*Asks:* 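I have a structure here, written as structure tokens, and I will follow up with some questions on it.
Keep in mind the model is a prediction, meaning the values are calculated, not measured.
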Amino acid sequence: MKRIIFATLSVLSISLTSCDDGLIYKEVAYNTVGRSAKLEGKITGLDNWAEGYTIAIAGFTEDDDYASISKAVQTDKEGNASVIMTNIPDEVTSVQLCVLDRLRRHVMTFYEADIEGVRDTIRMEVGTVNASMFNAIQQSYLSTTCVNCHGASNRIAAGLNLTEGNAYEAMVGVDSKKVDGKKIVVPYDAENSLLHMVLNQETVEGISMNHFDLVSEKNAQTILPLIDSWINNGAKEE
């Protein structure tokens, strides 16, 4: 009986909207379950990402690399983002501005909020974030692993400075000082790039150190494919 009355009233409301007697306001019910997160900030570098990757707000449970919930980040022409993700499950303990692959697996994080025990809206004021493909590689791998030998404490092995602000010009289109006839990064050609070789092979002729040993299992599944995708997508800086 209630459904019949509701349907009748809905039809009546629709018909009244065509009248000139005044505005018709209809009541809207929102179905919300769990928590929500609101991200605001300026996000740059979204335009040149390779297919198969998404810059998103994503919620993760503890010790799980796959997002329980996610929402892609979009910006206006000035790069401003305002994204709301609702219905965050109770078991989610962190919400991140991050990179996800096509399986919704976590690749790297730009910003993270710990939300364990939080019941209200999680506000993520991220400021200005360079979310370009190259900066994702710089922050997640070059600056955390490679600079230990290539730039940290004035140690620049093989003359290759991979610190932030120097790495791009040091690699892209640059001839290797160790391997004749090879460039460190060849845009659109990962397999012929020395960077790909040293990270994916145990031995490379002309290179004395085994860089492959420095690659963790997780990085082998996420960061190395990201580097290859970046190179094959043109090795763009922004």
Side-chain angles (χ1 to χ4, degrees), residues 43-50 52-55 65 96-101 103 105-112 126 128-238:
I43 316 295
T44 64
L46 299 183
D47 294 338
N48 292 321
W49 271 86
Y53 292 96
T54 303
I55 309 300
D65 288 333
Q96 303 178 19
L97 171 62
C98 63
V99 181
L100 301 177
D101 66 14
L103 300 176
R105 175 171 50 189
H106 172 268
V107 177
M108 67 84 61
T109 300
F110 291 110
Y111 181 95
E112 180 174 5
V126 301
T128 300
V129 176
N130 178 357
S132 68
M133 204 168 188
F134 177 70
N135 192 50
I137 294 168
Q138 179 74 61
Q139 301 303 326
S140 65
Y141 197 71
L142 300 182
S143 292
T144 60
T145 302
C146 301
V147 297
N148 293 328
C149 293
H150 296 282
S153 302
N154 296 321
R155 181 185 179 190
I156 306 178
L160 183 60
N161 187 346
L162 298 182
T163 57
E164 188 171 356
N166 296 295
Y168 187 84
E169 290 187 0
M171 293 192 302
V172 179
V174 176
D175 293 328
S176 170
K177 295 180 179 180
K178 291 289 186 177
V179 182
D180 292 338
K182 289 293 182 184
K183 294 185 183 296
I184 299 171
V185 170
V186 182
Y188 301 104
D189 192 352
E191 288 192 0
N192 283 313
S193 297
L194 187 59
L195 180 62
H196 166 88
M197 295 177 183
V198 297
L199 295 179
N200 288 273
Q201 301 175 25
E202 292 186 6
T203 59
V204 177
E205 187 176 353
I207 304 294
S208 59
M209 181 176 176
N210 180 0
H211 293 73
F212 184 76
D213 281 346
L214 301 177
V215 180
S216 67
E217 181 178 353
K218 183 179 187 296
N219 284 340
Q221 296 174 351
T222 57
I223 299 301
L224 297 195
L226 175 65
I227 292 173
D228 283 355
S229 294
W230 168 67
I231 296 174
N232 286 331
N233 198 48
K236 300 176 181 69
E237 185 173 10
E238 297 295 338

*Asks:* Looking at every non-hydrogen atom in both residues, tell me the closest pair between E238 and S132 and how far apart they are.
*Replies:* C-CB, 3.8 Å
*Asks:* Do L103 and Q221 touch side chain to side chain, with heavy atoms closer than 4.5 Å?
*Replies:* no
*Asks:* Kindly check if the number of other-residue, nucleotide or ligand heavy atoms within 6.0 Å of NZ (K218) is above 12?
*Replies:*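 Yes.
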*Asks:* Keeping S176 on the side-chain end and K178 on the backbone end, is there a donor-acceptor pair under 3.5 Å?
*Replies:* yes
*Asks:* Please give me the minimum heavy-atom distance between T144 and Q139, naming the atom from each residue.
*Replies:*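 Heavy-atom minimum between the residues: CG2-O, 3.3 Å.
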*Asks:* For the pair N135 and E164, evaluate side-chain contact (heavy atoms from CB on, under 4.5 Å) and give the outcome as yes or no after the intermediate values.
*Replies:* CA-CA 9 Å; N135 192 50; E164 188 171 356; 4.3 Å; yes
*Asks:* Could you give the distance from CG (L226) to CZ (F134), rounded to the nearest 0.5 Å?
*Replies:* 11.0 Å
*Asks:* Looking at side-chain heavy atoms only, is the closest gap between W230 and I137 below 4.5 Å?
*Replies:*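 W230 reaches I137 side chain to side chain.
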*Asks:* Determine, stepwise, if the pair M171 / L160 fulfils side-chain contact (heavy atoms from CB on, under 4.5 Å).
*Replies:* CA-CA 8 Å; M171 293 192 302; L160 183 60; 4.2 Å; yes
*Asks:* Hey, are the side chains of I55 and L97 touching, using non-hydrogen atoms and a 4.5 Å cut-off?
*Replies:* yes
*Asks:* Could you measure the distance from the CD1 atom of I227 to the OG1 atom of T222? Nearest 0.5 Å is fine.
*Replies:*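 If we round to the nearest 0.5 Å, I227:CD1 and T222:OG1 are 9.5 Å apart.
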*Asks:* Counting C-beta onward and ignoring hydrogens, is there a side-chain heavy-atom pair between L224 and H196 closer than 4.5 Å?
*Replies:*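 When only atoms from C-beta onward are counted, H196 and L224 do not touch, as no gap falls below 4.5 Å.
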*Asks:* Is there a side-chain contact between L199 and F212 (heavy atoms, below 4.5 Å)?
*Replies:* no
*Asks:* If I compare all heavy atoms of C146 with all of L162, which pair ends up nearest, and what's the gap?
*Replies:* CB-CD1, 3.7 Å
*Asks:* Report the distance from atom CG of N130 to atom CD1 of I43, rounding to the nearest 0.5 Å.
*Replies:* 10.0 Å
*Asks:* So M209 and L214, side-chain contact (heavy atoms from CB on, under 4.5 Å) or not? Walk me through it.
*Replies:* CA-CA 10 Å; M209 181 176 176; L214 301 177; 3.6 Å; yes
*Asks:* Say whether, by atom type as modelled, one donor and one acceptor occur between the side chain of S143 and the main chain of Q138 under 3.5 angstrom.
*Replies:*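 Such a contact is found between S143 side chain and Q138 backbone.
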*Asks:* Using the side-chain contact (heavy atoms from CB on, under 4.5 Å) definition, which of the options V198, I184, L194 pairs with V179?
*Replies:* L194
*Asks:* Quick check on E191: does its CD atom have over 12 non-hydrogen neighbours (other residues, nucleotides or ligands) under 6.0 Å away?
*Replies:*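 Counting other residues, nucleotides and ligands, CD of E191 stays at 12 neighbours or fewer.
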*Asks:* Going by heavy atoms in the side chains, are V126 and F110 under 4.5 Å from each other?
*Replies:* no
*Asks:* For Y188 and N232, which heavy atoms make the closest approach, and how far apart are they?
*Replies:* CD2-O, 3.5 Å
*Asks:* Looking at side-chain heavy atoms only, is the closest gap between V107 and I223 below 4.5 Å?
*Replies:* yes
*Asks:* Which heavy atom in C98 sits nearest to a heavy atom in H106, and how many Å separate them?
*Replies:*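 Scanning both residues completely, I find the closest heavy atoms to be CB-CD2, 4.1 Å.
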*Asks:* What I'd like to find out is whether the side chain of M133 reaches to under 4.5 Å of the side chain of N48, using heavy atoms alone.
*Replies:*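 A side-chain contact is absent here, since even the closest heavy-atom pair is not under 4.5 Å.
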*Asks:* How long is the straight-line distance from CG of L142 back to CG of N161, given to the nearest 0.5 Å?
*Replies:*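 Taking CG in N161 and CG in L142, the distance rounds to 11.0 Å.
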*Asks:* Donor-acceptor pair, distance only, cut-off 3.5 Å: does the side chain of T163 make one with the backbone of N166?
*Replies:*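 It does not hold such a pair.
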*Asks:* Roughly how far apart are N210 CG and Q201 CD, rounded to 0.5 Å?
*Replies:* 10.5 Å
*Asks:* So which atom in A220 and which in V215 form the shortest heavy-atom distance, rounded to 0.1 Å?
*Replies:*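 That closest heavy-atom pairing would be N-CG1, 3.7 Å.
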*Asks:* Report the distance from atom CE of M197 to atom CD of E205, rounding to the nearest 0.5 Å.
*Replies:* 11.0 Å
